[in-house]
Amino acid sequence: MIQLIRGFRDILPGEVEVWQHIEEVATGLFDDFGFKEIRIPIMEKTELFARSIGEDTDIVEKEMYTFPDRKGDLLTLRPEATAAVVRSYIQHKMYAQDPVRKFFTIGPMFRRERPQKGRYRQFYQINAEVFGIGSALVDAQLIHMLIHLCKRLNVADVIPHINSLGCPDCRTAFKAALSAFLENVSGVLCEDCQRRRHRNPLRALDCKVPTCREALTEAPSLTAFLDRECRAEFDLLQESLTRLGLDYVLDKRLVRGLDYYSRATFEIQTGALGAQSAVAGGGRYDGLVKALGGPDIPATGFAIGFDRLAELVGLEREGLVRRPKLFIAALGERSRMLAFEWMNALGLAGVQAEMDHEGRSLKSQMKRADRLGAAFVLMVGEEELERGEVLLRDMTQSEQESIPLADVLERLQSLPAS
Ligand code: AMP
């Protein structure tokens, strides 16, 4: 039997309702905050990701699904959405009329990471991106939206972690200090961090290897290197979070894997997911639009890990799966044809109904109705047709009533909502 690819997975009925629910709540919230949906392709030219995410990142170095197409152009299954949204913003000159644009997008991403619980090779993200506003107020608003999205989904136990990455100027001084620090502890660093020490020292800060974590507890903090403007913006971020009534954790280790971030960076963390504690991550990427060939326009955004959020919401999934309102237990050819007509009319009227197509006994049809969790069962057989009335049983109340044949459809269409 052919199995699916390692690290990929099916989202089956029973779980998919959780995903639909999240999507509905998220898009409702985005709409209320003035975000417009944008749909971008799943593949882009490799160069787009190499240039935006950065050659020295884990993603570009070892996790991208990259292959030549038939003409030899290198293409990549997108490992994240931001680069493609920026590409689209520039390509369609969306800044020309009004540089301020707010987008959201939902879809699959691909990274060839080591699969484990909460980490897949095809996973889904919900992204929001804001272009044209440089103020930390927008970063605070994004965090506010994330926390309230979690609240609306009944996901408690979430807290934003925030840090500032400063601007490239602040980072140059910080990188030098950090490199010097890493030099001193280089004996205990893992192989990756040995490499990062020279090429991308910031990445050593969020290394997960315990010896590296331990060695870096006393590492310098980026916030100590912020220039006046970056400092003021970071203060504004904190002040506005407080204004919005949000608690947060200052996290000097929070650097994120992508090169194009600047100033505000954040993660929404939860205690409920074990090792994969980040439900969402985001931050400012003021330099990216320009770096990809557009005008100098600031931008910020976030990505929610849909799979992880679904796992959290799934813990509360009771009631999300829709069950049939009605099962029509029909006995005999004539009854079955009537049941078939009613079932189709009911579907159009928004009342989900099921029936038996195999001519099974009443007992086995009742069993199936029970298994499906139907709220009502309509019983119709030759005898009922002769009498000109059918029996409707309320399965939760264990009551039943007779309904004249002529009134059946009208009565069924007005079954109480569950
Ligand atoms: P990133 O784009 O790396 O900042 O990730 C943003 C969010 O996407 C993370 O907080 C995770 O919740 C989620 N995420 C990232 N990588 C994976 C993965 N391999 N599997 C599942 N979720 C992921």
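Worth saying up front: this structure is predicted, and the values here are computed from it rather than measured. Residue numbers count from 1 along this sequence.
The stretch residues 343-359 participates, sequence neighbours left out, in these salt bridge (Lys or Arg N to Asp or Glu O under 4.0 Å) pairs: Asp356-Arg360. Pairs passing the ring-ring contact (aromatic ring centres under 6.0 Å, His included) check and including a residue from residues 208-239, sequence neighbours excluded, read Phe174-Phe225. Within the structure, salt bridge (Lys or Arg N to Asp or Glu O under 4.0 Å) contacts touching residues 288-297 (residues at least two apart or in different chains) do not occur. Within the structure, the side-chain hydrogen bond (donor to acceptor under 3.5 Å, both in side chains) test picks out no pair touching residues 100-109 (sequence neighbours left out). Applying the salt bridge (Lys or Arg N to Asp or Glu O under 4.0 Å) test to every pair with at least one member in residues 146-170, sequence neighbours left out, gives no pairs at all. The ring-ring contact (aromatic ring centres under 6.0 Å, His included) contacts involving residues 278-300 comprise Tyr260-Tyr285, where partners must be two or more places apart or lie in separate chains. Screening residues 40-69 for ring-ring contact (aromatic ring centres under 6.0 Å, His included) gives no qualifying pairs among residues at least two apart or on separate chains. The salt bridge (Lys or Arg N to Asp or Glu O under 4.0 Å) analysis of residues 123-139, with sequence neighbours excluded, yields the pairs Asp139-Arg284.
For Tyr124, the ring pair (Phe, Tyr, Trp, His ring centres under 6.0 Å) criterion is met by Trp19, not counting sequence neighbours. In this view, Arg51 and Glu47 satisfy the salt bridge (charged side-chain N to carboxylate O under 4.0 Å, His left out) rule, not counting sequence neighbours. Partners of Arg70 under the salt bridge (charged side-chain N to carboxylate O under 4.0 Å, His left out) rule, at least two apart in sequence or in another chain, do not exist in this structure. Applying the ring pair (Phe, Tyr, Trp, His ring centres under 6.0 Å) criterion to Phe123, with sequence neighbours excluded, gives no partner residue.
Within a 6.0 Å sphere centred on CG of Asp69, other residues, nucleotides and ligands contribute more than 12 heavy atoms. Around CD of Gln413, the count of heavy atoms belonging to other residues, nucleotides or ligands within 6.0 Å exceeds 12. Within 6.0 Å of CD in Glu229 there are 12 or fewer heavy atoms belonging to other residues, nucleotides or ligands. Applying the 6.0 Å contact sphere to CZ of Arg243 captures no more than 12 heavy atoms from other residues, nucleotides or ligands. Around CE of Met366, the count of heavy atoms belonging to other residues, nucleotides or ligands within 6.0 Å exceeds 12. Heavy-atom contacts from other residues, nucleotides or ligands closer than 6.0 Å to CZ of Arg112 number 12 or fewer.
Glu233 places no side-chain N or O within 3.5 Å of a backbone atom of Ala264 that could act as its donor or acceptor partner. The backbone N or O of Thr270 lies less than 3.5 Å from no partner atom in the side chain of Ser277, so there is not a single donor-acceptor pair. Looking only at distances, a side-chain donor or acceptor of Arg308 sits under 3.5 Å from a matching main-chain atom of Ala278. Formation of a donor-acceptor pair under 3.5 Å by the Lys252 side chain with backbone atoms of Ala219 is found in this model. Remark: side-chain polar atoms of Lys208 are paired, donor with acceptor, to backbone N or O of Asp206 under 3.5 angstrom. Distance alone, capped at 3.5 Å, is enough to place a donor-acceptor pair between the Arg121 side chain and the Glu113 backbone. Listed for the Ser88 side chain is no donor-acceptor partner under 3.5 Å among the backbone atoms of Ala84. The backbone N or O of Pro108 sits less than 3.5 Å from a side-chain atom of Arg78, completing a donor-acceptor pair. A donor-acceptor contact shorter than 3.5 Å is absent between the side chain of Thr76 and the backbone of Met64. At distances below 3.5 Å, at least one donor-acceptor pair connects side-chain atoms of Gln194 with backbone N or O atoms of Ser186.
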- Just do the side chain to side chain contact (heavy atoms under 4.5 Å, CB included) check on Leu182 and Leu178 with the steps written out, would you? CA-CA 6 Å; Leu182 293 174; Leu178 184 60; 4.2 Å; yes
- Check step by step if side chain to side chain contact (heavy atoms under 4.5 Å, CB included) holds for Asp227 and Cys167. CA-CA 8 Å; Asp227 61 22; Cys167 59; 3.5 Å; yes
- Please lay out, stage by stage, how Ile162 and Leu241 fare under the test side chain to side chain contact (heavy atoms under 4.5 Å, CB included). CA-CA 10 Å; Ile162 63 168; Leu241 287 175; 4.1 Å; yes
- Message: Pair Leu372, Gln352 - check side chain to side chain contact (heavy atoms under 4.5 Å, CB included), show working.
- Response: CA-CA 11 Å; Leu372 291 172; Gln352 190 185 321; over 6 Å; no
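Within the 4.5 Å cutoff, side-chain heavy atoms of Arg253 are placed close to those of Arg213. Residues Glu17 and Arg322 form no side-chain contact, since every pair of their non-hydrogen atoms from C-beta on lies 4.5 Å or further apart. A heavy-atom distance below 4.5 Å is not found between the side chains of Ile143 and Leu244. Using a 4.5 Å heavy-atom cutoff, the side chains of Leu153 and Ile22 are in contact. Between Thr265 and Val255 there is no side-chain heavy-atom pair separated by less than 4.5 Å. Side chains of Leu146 and Pro160 form no contact here, defined as non-hydrogen atoms less than 4.5 Å apart. Taking 4.5 Å as the limit, some side-chain heavy atom of Arg9 sits within range of a side-chain heavy atom of Asp307. Side-chain contact check for Leu165 versus Ser262: every heavy-atom pair is 4.5 Å or farther apart.
Closest approach of Ala299 to Phe131, counting heavy atoms only: CB-CD2, 3.7 Å.
Ring to ring, Phe35 and Phe104 are not that close: their centroids are 6.0 angstrom or more apart.
In this structure, the separation between CG on Asp286 and CD1 on Ile297 is 11.0 Å, given to the nearest 0.5 Å. The distance from atom CG of Leu237 to atom OG of Ser164, rounded to the nearest 0.5 Å, is 8.5 Å. With rounding to the nearest 0.5 Å, the separation of CZ in Phe302 from CE in Met145 is 5.0 Å. To the nearest 0.5 Å, atom NE2 of residue His21 and atom CG of residue Asn154 are 7.0 Å apart. A distance of 13.5 Å separates CD1 in Ile268 from OH in Tyr248, rounded to the nearest 0.5 Å. In this structure, CG on Asn163 lies 5.5 Å from CG on Leu254, to the nearest 0.5 angstrom.
Partner of Leu392 under the side chain to side chain contact (heavy atoms under 4.5 Å, CB included) criterion, out of Leu412, Val377, Val380: Leu412 alone.
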